[in-house]
Q: 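Just passing along the structure, written as structure tokens.
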Amino acid sequence: MRYEWLIPAAGFAALAPQAQVALCAEYASVDAAQRKAFPEATAFEPVIVAPEAKAAIARDAGRFVVDPKVWRVRGAAGTQGWFIVDEVVGKQELITYALALDAAGTVVALDILVYRETHGDAIRLPAWRGQFTGKRASDPVRLDTDIRNVSGATLSCRHVTEGVRRLLLLHERALRG
Amino acid sequence: MAEVANDEVRRAQNWLGTLVEIRAGGAARNALDDGVAAGFAAIAAIHRALSGHAADSELAALNRHAAHAPQRVSEHLRRVLACALDLARASAGVFDPTVGGALSALGYLPPPREPPAPASWRDVELRDGRVRFARPLTLDFDGIAKGYAVDCAMTAMRARGIAHGCVNAGGDLRVWGAAAETVHVRTGGPQGALLPLATLGDAAVATSAYGGQRRSSGGRYATPLIDPRSALPVMSTRTVSVIAPTCMVADALTKIVALSGARAARLVAAYGASAAILTPTRGRWRCTTLPRRAA
């Protein structure tokens with residue numbers, strides 16, 4: 001075991017450079033996540049889901065936070081599956097995640113693409129919120145605002161589970177067949 | 001997947017009720033991808049076996065049946081239970097994996113089928129890979145199962161030649177490799193802050209930040225930390241971080257230190273660990289480390 005405390009043996013701890021904690025991490029682009037889930041795919045075709053179908057799902061499983069983006073995954077032997085990018089609210093900010101389903105609607109992969117979270121007073125400041133808009137996977141991730149190596153941060157993914165439930169309903173009612 | 005450094009793969013999935021992040025480096029790109037996938041597969045297996053939240057987990061089945069007849073358990077469950085019972089014995093019940101009943105009463109876990117009678121870790125018998133409860137009770141491994149999952153992910157990744165990496169399951173994290181990494185701690189409560197905590201080479205760290213995670217119970221706020229001696233939730237604003245050889249032990253020790261404070265120093269040392277207690281004091285965080293080291 002190799003380690004060294006950075007806090008004093010007795011006394012007061014120093015604050016990290018940014019005392020207001022905003023955490024943001026980008027794990028994968030949509031492209032990369034698609035290739036990872038379906039390495040054999042020949043094409044990803046965008047699919048439009050009828051608003052009525054989404055409204056019906058909202059009644060049964062809660063509202064969509066954003067319009068989920070849906071792709072039909074084409075392989076050599078026809079439809080290989082489905083790839084859906086959706087967002088849910090984490091603690092305060094949106095979590096972007098990707099769900100990959102095979103042709104029968106079984107979950108092949110579920111990956112977090114972007115995780116954003118703010119704390120304390122930060123959420124009331126528009127400037128803090130603004131830093132999350134327009135973020136793409138190609139943007140560099142700043143260590144100070146990154147969730148890497150943070151202990152004690154129980155990052156909320158509860159709503160991802162609810163989001164997945166909605167997307168599975170979406171597949172069953174609007175995509176299958 | 002998105003790369004942070006040139007030779008690093010970083011991915012996140014949700015398991016164990018939290019965001020699990022895995023980073024891997026020091027191998028060829030394909031090997032890194034395979035290693036990260038193996039790490040998540042290991043975590044998924046622990047999630048399915050030991051989740052206190054899923055009604056179809058091995059742990060849930062054990063909780064339903066072990067009071068009626070001895071149950072054979074998987075190697076994962078056996079290891080975590082053995083560690084939990086060791087810690088319960090060594091801490092004289094300050095750590096107790098049977099406080100699950102109190103947690104479900106507070107709404108942190110789904111309720112068991114039959115309400116548990118007052119029970120403790122002494123009612124749990126583990127022998128030859130079989131478990132029997134002396135009375136109905138609810139085993140809950142929540143934190144230490146998370147730590148164990150992190151340990152298993154690291155083992156799986158190292159076996160695939162991942163030279164350095166980090167597995168972080170909602171703050172229970174383990175780092176390995178040549179270069180030491182800086183770890184920050186997020187403290188709980190209204191004073192929640194991000195503090196540089198330690199540099200880790202090969203080590204695990206876990207944190208319990210109770211002030212930040214509260215739930216209303218009968219009109220009062222309760223933390224998810226239960227004092228097994230009173231079966232009541234603890235009202236604490238302290239944040240406790242423990243560095244230990246394994247993440248499973250680190251997680252369990254955070255609870256013991258949070259309840260016992262400096263009295264836990266000998267136990268922390270016996271497990272080859274080191275603890276930090278952070279207490280909010282007039283807008284700042286006062287630190288104490290166990291066992292005591294020179295200032």
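Please read all numbers here as calculations on a predicted model, not as lab measurements. Reminder, nothing fancy here: chain letters follow the sequence lines and each chain counts from 1.
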Q: How many angstroms lie between atom CZ of B:Phe40 and atom CG of A:Leu110, to the nearest 0.5 angstrom?
A: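 B:Phe40 CZ to A:Leu110 CG: 10.0 Å, rounded to 0.5 Å.
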
Q: Would you please name every residue forming a side chain to side chain donor-acceptor pair (under 3.5 Å) with B:Asn14, sequence neighbours left out?
A: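 Scan of B:Asn14 (side chain to side chain donor-acceptor pair (under 3.5 Å), adjacent residues dropped) gives none.
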
Q: Sort out for me which residue in B:Thr182, B:Leu200, B:Thr199 forms a side chain to side chain contact (heavy atoms under 4.5 Å, CB included) with A:Glu4.
A: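 So, applying the side chain to side chain contact (heavy atoms under 4.5 Å, CB included) to A:Glu4 and each of B:Thr182, B:Leu200, B:Thr199, only B:Thr199 qualifies.
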
Q: Does atom NZ (A:Lys69) have a neighbourhood of more than 12 heavy atoms from anything else shown, all under 6.0 Å?
A: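 Not buried by this count: 12 neighbours or fewer within 6.0 Å.
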
Q: Can you tell which of B:Ser241, B:Ala37, B:Ala275 has the highest number of heavy-atom pairs within less than 4.5 Å of chain A?
A: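 Max contact count across the listed options: B:Ala275.
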
Q: Considering only heavy atoms and a distance below 4.5 Å, find which of B:Ala204, B:Ala180, B:Gly272, B:Pro245 pairs most often with chain A.
A: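 Highest number of heavy-atom pairs under 4.5 Å: B:Pro245.
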
Q: For a 4.5 angstrom cut-off between non-hydrogen side-chain atoms, does A:Ile112 reach B:Glu21?
A: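 They are not in contact (no side-chain heavy atoms under 4.5 Å apart), so the answer is no.
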
Q: Which atom names give the shortest non-hydrogen contact between A:Ala13 and B:Leu278, and what distance separates them?
A: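 The pair with the smallest heavy-atom distance is CB-CD2, 4.4 Å.
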
Q: Determine the minimum heavy-atom distance between A:Ile7 and B:Cys287, stating which atoms define it.
A: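 Result for this residue pair: CB-SG, 3.9 Å.
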
Q: How far apart are the closest heavy atoms of A:Tyr27 and B:Arg11, and which atoms are they?
A: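 In terms of heavy atoms, the two residues are closest at CD2-C, 3.7 Å.
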
Q: As an exercise, state the distance from CZ of A:Phe12 to OG1 of B:Thr279, rounded to the nearest 0.5 Å.
A: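 Output value for this atom pair is 9.5 Å.
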
Q: Distance from B:Ile243 atom CD1 to A:Arg2 atom CZ, nearest 0.5 Å?
A: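 Answer rounded to 0.5 Å: 12.5 Å.
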
Q: What are the two closest heavy atoms between A:Glu26 and B:Arg10, and how far apart are they?
A: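 Smallest interatomic distance, heavy atoms only, reads O-NH1, 4.2 Å.
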
Q: To check you understand the geometry: which heavy-atom pair defines the closest contact between B:Ser274 and A:Trp5, and what is its length?
A: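 Distance-wise, the nearest heavy atoms are OG-NE1, 2.8 Å.
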
Q: Ignoring hydrogens, what is the shortest heavy-atom contact between B:Ala244 and A:Met1? Give both atom names and the distance.
A: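 For B:Ala244 and A:Met1, the tightest heavy-atom pair comes out as C-SD, 3.1 Å.
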
